[in-house]
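Keep in mind it's a predicted model, so treat the numbers as computed, not measured. Each chain gets a letter, A, B and so on, in the order its sequence line appears, and its residues count up from 1.
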Amino acid sequence: MAMFGGAYNTIAFDAAQCDGCGDCMTACATVKTGTVDKTRSRIQIVDSADDGFELALCRQCGDPKCVTVCPAGALTKDGASGVIDWNAAKCVDCLLCTVGCAYAGIALDAGSGHVAKCDTCDGAPACVPACPHGALKYITTSRIYNEVGDWEDLFAPGLAGCQGCNTELLMRHTLRRVGPDTVLATPPGCVPGMGSVGFNGTTGTKVPVFHPLLTNTAAMLAGIKRQYKRVGREVNALAIAGDGGASDVGFQSLSGAAERNEQMLFMVVDNEGYMNTGMQRSSCTPYGAWTSTTPVGQGSGGMPSQGKTQDAKNLPLIMVNHRCEYVATASTAYMEDLYDKLDRALEASKRGFAYLHVYSPCTTGWRFPTNQNMEVARKAVETNFVMLWEYNPRDGLQFTRPVDDPLPVTDYLKAMGRFRHLSPDQISHIQSKVVENLAFVKQMAHRQSA
Amino acid sequence: MEQTKYLVVGSSHAALEAVTAIRMHDATGSLTLLTRDPHLPYSPTVLPYVVSGRSAPDGIFLRDEKFFADQGVQLKRGTALKALHTERNAAELADGSEIAYEKILLATGASPAIPPIPGIDTVSYHVLRTLDDATRLNAAIKQSKQAVVLGAGLVGMHAAENLVKVGAGVTVVEMAKQLTDGYFDAIAAGLIEKAFTDNGARILTGSRVVKLAPSAASFGTPATPATPGVTLTLESGATLEADLLLVATGVKPNMDYLVGSPVEHDRGILVSDTMQSSVANVWSAGDCAQAKGFFTDDKVMNAILPDAAEQGRIAGMAMAGDSGLKKYPGGVPLNTYHFFGRHAISVGSSKVPEGAEVLTRFDEVSGRYLKAIFKNGCLLGIYGVNEFFDGGVMCQLILRRIDLSPVKERFLAEPMTVGREIMSKTWR
Ligand SMILES: Cc1cc2nc3c(=O)[nH]c(=O)nc-3n(C[C@H](O)[C@H](O)[C@H](O)COP(=O)(O)OP(=O)(O)OC[C@H]3O[C@@H](n4cnc5c(N)ncnc54)[C@H](O)[C@@H]3O)c2cc1C
Ligand code: SF4
């Protein structure tokens with residue numbers, strides 16, 4: 001019986017990247033049958049008559065029908081790997097499993113006369129590296145969830161976020177990782193709005209939490225950390241602030257704490273505006289974006305209003321120029337990357353100032369369907385609209401997820417409503433800014449590591 | 001009196017799926033599994049392979065003791081349900097003791113139906129439904145020189161193949177005009193029959209046995225003592241001698257324990273589309289249940305393994321109050337059959353309703369045969385011999401009533417590829 005609650009690695013197929021070359025099938029057939037007969041491959045790419053390519057591959061279901069209908073006990077779900085194993089010695093070739101599976105994930109291999117299915121090659125699927133177009137990926141993020149799942153969740157259940165918001169995920173993951181010996185500062189913004197500071201005299205966290213002003217978060221947290229040090233107690237000082245609280249009115253105290261190299265981890269959840277108070281612009285709002293204070297419409301004095309007219313401030317790069325112990329950008333669409341950075345930021349915060357800037361799409365303020373958060377976050381990275389990198393004074397700045405073949409920025413802009421009104425001129429301005437920002441960060445990466 | 005929240009009767013596919021479904025939703029409620037079989041759970045479907053010797057009898061179990069211990073399930077083997085007292089929610093066992101339940105699942109499956117042929121009680125014969133039947137038959141076929149199989153359904157044909165392979169002379173006697181009637185059509189049955197006759201079996205379709213009697217002939221070998229044979233008399237007056245007789249003329253549901261209970265039953269235990277019987281706290285699933293068919297609103301017997309598992313799961317979810325429960329869509333016949341290295345697959349209705357269109361393709365040289373039945377563009381049934389397609393995908397095409405008119409020609413030419421293409425586009 002399957003182990004429930006665990007997450008597993010999986011082979012993902014991106015049909016848009018596939019050109020039907022069949023190299024994955026050749027690789028599979030070679031490894032599994034010693035032939036190059038594609039019909040014997042366990043991954044089957046199907047050339048669709050009208051357009052594109054389709055996939056038939058075992059999904060390693062959590063509730064596998066092939067296992068339930070096998071009369072011989074020849075199929076079992078491996079609770080550790082998630083893979084459904086086929087036992088040749090027990091199989092009686094009855095083919096019932098092929099009737100049970102609705103996804104053509106187990107089928108008759110005419111060459112052997114037995115059924116055959118994907119076993120992910122024991123965690124190193126041969127098909128994935130064989131694909132010359134990157135259409136197949138082996139997703140291994142699951143190990144994070146399995147590891148993290150055992151750590152204590154330090155937020156109260158039932159945070160009151162907007163539907164589809166990724167901030168709850170971020171908060172819970174972060175505090176789990178940083179752990180119980182933590183003092184948390186959450187200045188006004190979505191994070192306390194969701195309940196970090198609690199209700200009715202109880203906190204929303206299982207660690208001490210306080211609610212500083214927008215302006216003094218880093219200063220207050222620095223003082224608290226120093227007092228703990230004075231009394232000889234080791235605690236992690238953690239701030240989770242919004243972009244408004246960090247890049248606008250909070251910037252002075254943030255910059256001061258960074259300059260003094262205070263020992264803390266300052267996380268910014270950048271949703272590019274004051275989203276919990278009615279979606280006003282911030283200095284992190286990108287050019288052209290609609291907000292309630294950069295509206296779209298007639299405008300006044302014959303000047304139509306077309307969203308924000310200034311470019312966003314690049315706060316993480318400004319933080320690099322404080323030469324902090326650690327600075328990084330991250331995205332919840334890339335959890336492995338985020339976790340690596342969280343580990344390094346936490347480590348750095350024991351020595352000095354660590355800054356983690358997380359791009360956080362806002363379903364409500366950016367206007368996209370609530371099931372699209374991760375997709376929007378991913379598109380931001382895939383178009384180079386935002387870049388994932390990290391910096392420390394010894395190694396300089398390095399890209400952690402370089403995107404060599406970026407999608408056009410319109411792929412990102414189209415994914416949400418706040419850019420719907422853009423004129424071609426505005427779009428080309430944004431695209432040119434993407435190119436310019438990339439060149440700028442690349443130059444820094446180059447210079448620093450040289 | 002012993003008490004349990006869930007009492008599951010039977011230990012085969014329907015029962016095991018119900019246990020999983022209950023435990024998915026209710027990890028701790030007391031659960032007792034009761035079966036009259038003395039062994040750990042196994043599938044009747046695997047038994048032909050125990051008979052042939054391909055599967056070791058101790059290698060076929062679907063769960064072990066540890067599974068039940070880990071799941072907090074009390075397993076009672078070798079204990080039959082004798083009577084059901086629904087008015088006080090109590091199950092009476094063969095030894096006279098009682099178990100009080102809050103909810104009970106009757107997943108007692110079926111047993112071989114023994115035809116009322118004159119003289120049948122005077123001869124010894126085999127049936128195949130339990131592991132003990134299979135080990136007996138396994139020993140017997142090794143001795144057999146000339147065997148008769150009554151009934152040319154899948155159980156009978158499997159056994160006949162096993163007998164042919166150990167070198168026995170085999171005659172299959174079937175009342176219907178063709179073998180595997182109800183599963184495969186005349187052309188497919190012809191292909192199957194030819195495989196058997198090519199391998200030396202004799203197939204007597206359209207024949208009825210009118211009398212059975214102990215045989216005067218002795219079938220002993222020097223190594224083994226003489227076994228009493230059987231003389232079969234056919235309607236035509238011809239007689240057959242057999243040293244081994246297998247009766248495989250169909251099954252009847254196990255529901256004797258309902259005598260005197262108000263649980264409604266007809267050919268099987270009548271259940272709703274959440275597998276509930278006519279009486280509160282009583283569910284039924286699998287070969288003993290009579291549930292809605294997919295192609296008809298009438299309640300039907302669809303005694304196949306995938307349906308037993310599906311019904312068991314639905315019953316378990318309903319019993320545990322799982323809100324994720326989806327109603328039973330109705331039984332779709334599904335069969336796979338392997339014979340002499342070839343295979344036959346049937347999915348869906350074998351009946352051709354009015355206005356339906358039948359498309360076939362047959363290559364006599366390779367023995368590849370395909371038949372598909374459509375109505376209003378939707379697939380009703382598909383049958384193949386030596387033509388592999390994904391039965392599970394075909395079943396979804398039927399259940400989802402997907403209009404295949406735009407791709408019908410391609411579908412008939414390449415059912416596997418086109419089925420996969422539609423699957424990937426529609427429900428992947
Ligand atoms: C030889 C053979 C080959 C088959 N091949 C196929 C095939 O290829 N494909 C296919 O789909 N199906 C096949 N079947 C049918 C398939 O095995 C059944 O549909 C399936 O096993 C039904 O499962 P079930 O749980 O409803 O009942 P069963 O498997 O019949 O199990 C019933 C259970 O209830 C127990 N029980 C019965 N009465 C009592 C009682 N009074 N008290 C306590 N316990 C009781 C029994 O011990 C058993 O554990 C085959 C069957 C046989 C016999
Ligand atoms: S073909 Fe083998 S694996 Fe598939 S159901 Fe039959 S026995 Fe099990």
> What option among A:Gly73, A:Gly105, A:Cys101 has the most heavy-atom pairs under 4.5 Å with chain B?
Replying inline: A:Cys101
> Do the side chains of B:Arg313 and A:Asp63 get nearer than 4.5 Å, heavy atoms only?
Replying inline: yes
>> Only heavy atoms, only distances under 4.5 angstrom. Which residues in residues 46-62 of chain B are near chain A?
In response: B:Val46, B:Tyr49, B:Arg54, B:Ser55, B:Gly59, B:Ile60, B:Leu62
> Contact part of A:Cys97 toward chain B, heavy-atom cut-off under 4.5 Å: side chain, backbone, both or neither?
Replying inline: neither
>> Testing the basics here: between A:Val69 and B:Pro306, what is the closest heavy-atom pair and its distance to 0.1 Å?
In response: CG1-CA, 3.9 Å
> How far apart are the closest heavy atoms of B:His343 and A:Leu95, and which atoms are they?
Replying inline: CB-CD1, 3.8 Å
>> I'd like to verify something: which residue of A:Leu108, A:Asp47, A:Ile106 has the highest number of heavy-atom pairs under 4.5 Å with chain B?
In response: A:Leu108
>> Treating B:Trp427 as the side-chain partner and A:Tyr103 as the backbone partner, does any N or O pair qualify as donor plus acceptor under 3.5 Å?
In response: no
>> If I compare all heavy atoms of B:Glu421 with all of A:Val46, which pair ends up nearest, and what's the gap?
In response: CB-CG1, 4.0 Å
> Where does B:Val347 contact chain A at under 4.5 Å (heavy atoms): side chain, backbone, both or neither?
Replying inline: neither
> Is there side-chain contact between B:Arg420 and A:Glu54, with at least one heavy-atom pair below 4.5 Å?
Replying inline: no
> Which region of A:Cys91, side chain (C-beta onward) or backbone (N, CA, C, O), has a non-hydrogen atom less than 4.5 Å from a non-hydrogen atom of chain B, or is it both or neither?
Replying inline: backbone
> Just how far is it from atom CD of A:Gln44 to atom OG of B:Ser424, taken to the nearest 0.5 Å?
Replying inline: 12.0 Å
> Looking at A:Val92, A:Asp93, A:Val99, which makes the most heavy-atom pairs under 4.5 Å with chain B?
Replying inline: A:Val92
>> As an exercise, state the distance from CG of A:Leu96 to OG1 of B:Thr336, rounded to the nearest 0.5 Å.
In response: 4.0 Å
>> I need the minimum non-hydrogen distance between B:His13 and A:Pro71, along with the two atoms involved.
In response: CE1-CA, 4.2 Å
> Is there a side chain to side chain contact (heavy atoms under 4.5 Å, CB included) between A:Thr98 and B:Phe388 once you walk through the steps?
Replying inline: CA-CA 10 Å; A:Thr98 71; B:Phe388 182 79; 3.8 Å; yes
> If every non-hydrogen atom of A:Ser48 is compared with every non-hydrogen atom of B:Lys425, which pair is closest and at what distance?
Replying inline: OG-NZ, 2.7 Å
> How far apart are the closest heavy atoms of A:Thr68 and B:Leu305, and which atoms are they?
Replying inline: O-CD2, 4.2 Å
